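Scroll down for the structure; my scribbles are underneath it.
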Amino acid sequence: MKHIDMKLIKGGLGFLVAMAWPMQAQEDGGIEGEAPVTETAPPPAPAPVGPPNTSRELYESIVEIECASLVPDYQLPWNGGRETGGSGTGFLIGPNQFVTNAHVVANSTRLLIKKYGSPEKYAAKLLHIAHDCDLALLECTDPEPFANAKPLDIGGIPRLESTVTVIGYPLGGRRLSTTRGVVSRIDFQPYSHSGADLHLAIQIDAAINPGNSGGPVLQDGKVVGVAFQGISGAVAQNVGYMIPTPVLNRFLTDVQDGKYDRYVDLAISDFDLINQAQRLALGLRPDSPVGTLVASVTNDGSCDGVLEEGDVLLEINGHPIASNGYVEVDGEFVDMNEIVERKFKGDKVEMKIIRNRQPKTVEIELKPFDAYLIQANTYDQRPRYVTFAGMSFQPLDRNLMAAHNIEGLAARYLYSHYVQDELFEERPEIIVLTNILPDAINTNFGSFRHAVVDKVNGKAIKTLQDLYDALHPKERPEFFVIEFVGLGLPLVVESSRVQEADKRIQDTYQIGLESYLGDPEGDTPVIFN
């Protein structure tokens with residue numbers, strides 16, 4: 001897996017859009033544009049005329065998914081969040097198991113599945129979700145309605161210029177829609193749901209509209225992809241993307257043990273070896289197309305201690321590595337990370353390299369690389385925070401950057417260079433003063449907004465837990481002195497005034513929970529059912 005450079009994001013990846021169909025949730029729990037669940041459903045549509053039995057069986061395995069969700073409030077993290085909703089498509093891949101996109105069911109509070117040709121909506125629950133590759137697995141609470149439905153078969157990677165069919169419920173429509181298109185590109189592409197991941201994706205010229213998300217892309221009656229995102233019409237016309245079956249199969253295999261472990265990563269950067277003089281200097285034949293240079297090896301990554309900066313990569317698991325970092329897989333030339341993409345935590349890959357002009361073979365044990373998650377969109381988690389004297393402190397991540405439009409130079413530098421400069425070794429979390437609720441105790445504190453906390457009373461702050469502990473010591477100091485990265489003057493709070501001020505501020509601004517440090521089990525869901 002590769003990660004999207006944040007500079008590249010700023011340069012124009014915003015045109016990539018995950019294609020769920022948004023609908024506003026009503027107070028009664030229904031979805032705008034649809035009858036609430038508690039009301040009598042409309043009469044069933046007439047049975048379609050024309051499609052053969054094989055098509056009917058196929059359509060009965062494709063479902064519409066409605067999702068009511070609660071989007072976390074990163075500006076006022078003690079609030080419950082904003083109610084919203086949307087719809088997408090899913091399909092049966094096993095007994096009572098439905099695949100869809102993660103962005104269709106992210107932050108969900110209620111899920112409903114509707115089968116083809118029926119007005120009924122059935123309650124569903126989320127089994128597994130993978131935000132890094134935008135896939136999710138659901139099951140119907142009552143499996144009986146789909147007992148006779150036939151799971152769809154999963155095929156391989158379609159060839160370039162071959163034709164595929166996209167089936168789903170676009171634009172909130174109540175009937176299935178089918179569109180055809182041609183496979184035009186197979187390559188690593190950004191996945192807009194996470195905003196920080198690149199995986200293998202297939203570009204097609206079939207129309208993929210909001211609501212198509214999670215629907216199957218078929219060829220010869222088999223699933224060859226999952227529709228998931230498109231390009232804004234202002235940028236390009238009729239360009240859509242599907243998640244190919246290697247990514248789908250990896251997700252389904254990963255969750256077989258009951259949990260999703262995420263993708264593994266080499267955690268290196270490479271540099272194309274095209275220049276002939278450079279190739280000669282490294283001991284390579286100038287006329288050979290093989291060999292790419294290791295530009296950097298990230299500490300604590302899979303290759304730490306195995307590969308070195310300046311190594312030349314020749315081969316990975318028997319696949320020659322071209323000078324641009326590509327390998328041939330299934331008849332297509334793809335990024336060498338595609339070999340790693342199909343592996344799991346604890347798996348090993350063998351690499352042939354040249355180091356100091358000498359050939360060498362190394363073995364690399366693969367593992368996930370967590371540091372990049374600071375630059376990924378976060379879902380299904382309740383925002384973590386600490387409030388103190390009317391100030392709110394939160395760990396920096398992509399959601400926080402967007403919600404607060406953080407402009408502080410220190411925060412922006414630490415965020416942008418967190419992985420590149422391996423800042424995660426010194427700061428597992430970057431704690432930012434995000435908000436100041438006006439009160440007598442914090443008068444004239446405005447200049448510290450969006451600053452990064454460095455120390456409290458001389459204690460280095462590396463995590464949100466560190467900050468909480470420093471602000472709640474067993475023995476209270478006379479003053480709390482908070483130092484910030486890059487700021488000469490500290491923020492000083494008189495300790496004797498804090499307790500009374502906290503109570504006053506909580507009452508005034510209706511802060512129900514003074515601080516939230518996360519779920520000790522590791523998952524921090526937005527909703528508690």
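Given the structure is predicted, the values throughout are model-derived calculations rather than measurements. All values below were derived from every heavy atom in this structure, side-chain atoms included, with hydrogens, water molecules and symmetry-related copies excluded.
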For residues 284-294, run the donor-acceptor check on the side chains, cut-off 3.5 Å, and write out each pair with its distance to 0.1 Å, sequence neighbours left out.
| residue | atom | partner | partner atom | Å |
| --- | --- | --- | --- | --- |
| R285 | NE | D287 | OD1 | 3.3 |
| S288 | OG | V290 | N | 3.2 |
| T292 | OG1 | F271 | O | 3.0 |

Atom NZ of K360 with >12 non-hydrogen neighbours under 6.0 angstrom: no

Cation-pi geometry met for R250 and Y263 (6.0 Å, 45°): yes

Under-4.0 Å salt bridge between D454 and R427: yes

Euclidean distance, F91 CZ relative to I65 CD1, rounded to 0.5 Å: 10.0 Å

L409 atom CG, neighbour heavy-atom count above 12 within 6.0 Å: no

Exercise: do Q394 and T434 side chains pair donor with acceptor under 3.5 Å: yes

Aromatic plane relationship, H193 with H131 - under 30° parallel, 30 to 60° tilted, over 60° perpendicular: tilted

No-hydrogen, no-angle side-chain donor-acceptor test under 3.5 Å, H199 and E341: yes

Q203-Y241 side chain donor-acceptor pair, cut-off 3.5 Å: yes

Side-chain donor-acceptor contact under 3.5 Å, E422 with N299: yes

For Y413, all residues meeting ring-ring contact (aromatic ring centres under 6.0 Å, His included), sequence neighbours excluded: H417

Close side-chain approach of M351 and L307, heavy atoms under 4.5 Å: yes

S269 side chain to S296 side chain, donor-acceptor N/O pair below 3.5 angstrom: yes

Side-chain donor-acceptor pair present, Q219, S162, cut-off under 3.5 Å: yes

Ionic contact status for K352 with E315, cut-off 4.0 Å: yes

CA sep, side-chain torsions, deciding dist, call: Y326, D187, side-chain hydrogen bond (donor to acceptor under 3.5 Å, both in side chains): CA-CA 10 Å; Y326 274 50; D187 199 3; 3.2 Å; yes

Exceeds 12 heavy-atom contacts within 6.0 angstrom, atom CD of E407: yes

N-O pairing of D300 and K367 below 4.0 Å: yes

Side-chain ion pair, K125 and E139, N-O less than 4.0 Å: yes

Residues R355 and D311 bridged, charged N to O under 4.0 Å: yes

Results of ring-ring contact (aromatic ring centres under 6.0 Å, His included) for F251 - residues two or more places apart only: Y260

Parallel, tilted or perpendicular, as decided by the 30° and 60° cut-offs, for the rings of Y191 and F228: tilted

Value rounded to 0.5 Å, distance of CG in L433 from CZ in F393: 5.0 Å

Passing option when Y372 is tested against D132, D197, D265 for side chain to side chain donor-acceptor pair (under 3.5 Å): D197

